[in-house]
Amino acid sequence: MGGGGGATDGRMRRRLVVVSNRGPIVYARTDEGRTARRGGGGLVTALSGLVPAHDVTWIAAAISDEDRVVAQEQAGAVDEADRLGHRFRLRLVAVERAEYDRYYNVFANPHLWFIQHGLWNHPYTPELNAGIVGAWHSYRHVNERIADAVAEEAEAVGAEAVLVQDYQLYLVPRLLRDRGVAAPVNHFTHIPWPGPDAWRSARREAREAILVGLLGANVVGFHTRRSARNFLSACEDYISGAHVDYRHAEVEYDGRTTRVRAYPISVDPLEFDALADDSRVHEAAETLLEVEPERLILRVDRTDPSKNIVRGFTAFGRFLDQHPEWHGRVVMLALLDPSRQEIPEYAEYLGAVHRAARAVNDAHARDDWNPIDLRVSDNFPRAVAAYKRYDVLLVNAIVDGMNLIAKEAPLVNERDGVVILSENAGAHEELGRHALTVNPFDVEETAAAIETALVMPEVDRVARAAGIRDHVRAHDVREWIANQLADLERRGVGAR
Ligand code: GDG
């Protein structure tokens, strides 16, 4: 990346191309005409910070019907603005619906997601059958179509860096090299990168193409050092001709060097300071709980099998079996955002979540007390209202790239609540020493951690809560972006 101005912290204004499956805007058609809905998940929110500071061209798949109309009307990118009026260019790439479905709802989710979160049930699944072969072809094709658009836009704007996001787009970095894009490319994976053996349940062709795809980047980024290490091992195990340097965390392949780095994602503390006082959050707080319990245990998750909601309920049931003195005094509030219900595994999991909550309530409920209060709906203001109110926050994911709940909730919590944190959540690398660590499979340990959290002396709770807050304020989402840009700017990144 040019410059020579000595900028190594990513603060200089740059011409950047951002590439993600879901874009920062989803179009819809109403009686009043075309509308643009902003937002759409943590990834988009995290990257939106680039828009005011740089000249951004964002490339994403067309998802809604109206997105497709926009993609067809416009040969290239459209001018758009963020919430505060900062301009950026947006290019949507439309692919045939059935192809998008195979790419997104079969190959990326659940196939890759399940491999990377260790969710397959190996005696039975996955079966690498014709359906998976077809879905892999679609994955490759959608990556190629997106890479075509990125190459065009990178050329048109004279891109100084390309930032490719996540597991839907593993092939894009290499495809950009094949298309002659010279700008430095960073690929960031938002989900865990498992140990190399997990990749044995992917087809050989797909596994190798994914690794070679990523090795087209100058830098590949993960949330944790553990994921970065696992990626290096996968290159060593599966890519003949790759030279892996563990000491410098680099892979040399096909005449290029790819650096492998950990950049833990974070949140914007100022945004949460403002949200804590938002009128919608105050309104949600008024109807949050029917009866005020003495102590509130909270979990907030998408209804994703990786979040381990069922074992969380089972552990709470075990705690209630062992501690009748807490009956009637403690409630577990589960605010679950329904997710990916078009995928059968997800619809089945939501059924299991309801059954597990019912089992605990059937065993323990009394007229005036229901131990688990389960709400399934998309309601972000209510989640923030609950963040303020918890005494114990349960984050027991089977494995998670980072888990932003563990960073967001302590920022606004007003009761010095204790965080119970899975050792397999990415957040554990940074926050583990301030939390109560659990093995997410161990419901006995989780039940014991619930008790420890509920009886923890105040002085201890205060210190732990402050530890998390201070860490997140000192390492916010701006740092996540700045570190990636700074690494791309470093001289000698990647032989071209
Ligand atoms: C992936 C990785 C990684 C909460 N309730 C609602 C709602 N939320 C927001 C939270 C938070 C986000 O959803 C969830 O973020 P997570 O990080 O916990 O989980 P994933 O969705 O699985 O995200 C993860 C992340 O990418 C970023 O790299 O940390 O490991 O799996 O921001 O505030 N949002 C809406 N409705 C709600 O009811 N719309």
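Indexing begins at 1, ligand by ligand and atom by atom, following the structure's order.
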Residues in contact with ligand 1, criterion: heavy atom under 4.0 Å: W113, H190, H223, I265, V300, R302, K307, D337, S377, D378, N379, F380, A383, Y387, D400, G401, M402, N403, L404, I405, E408

W58 versus S20, side-chain donor and acceptor atoms under 3.5 Å: yes

Quiz question: by atom type and distance under 3.5 Å, do the side chains of Q168 and Y103 form a donor-acceptor pair? no

With sequence neighbours excluded, residues passing side-chain contact (heavy atoms from CB on, under 4.5 Å) with S306: W113, H117, L119, D304

Is it true that R280 and E283 make a salt bridge, defined as a side-chain N closer than 4.0 Å to a carboxylate O? no

Do R299 and N396 meet the criterion of a side-chain donor-acceptor pair at a distance under 3.5 Å? yes

Taking atom types as modelled and ignoring hydrogens, do the side chains of S422 and H428 form a donor-acceptor contact shorter than 3.5 angstrom? no

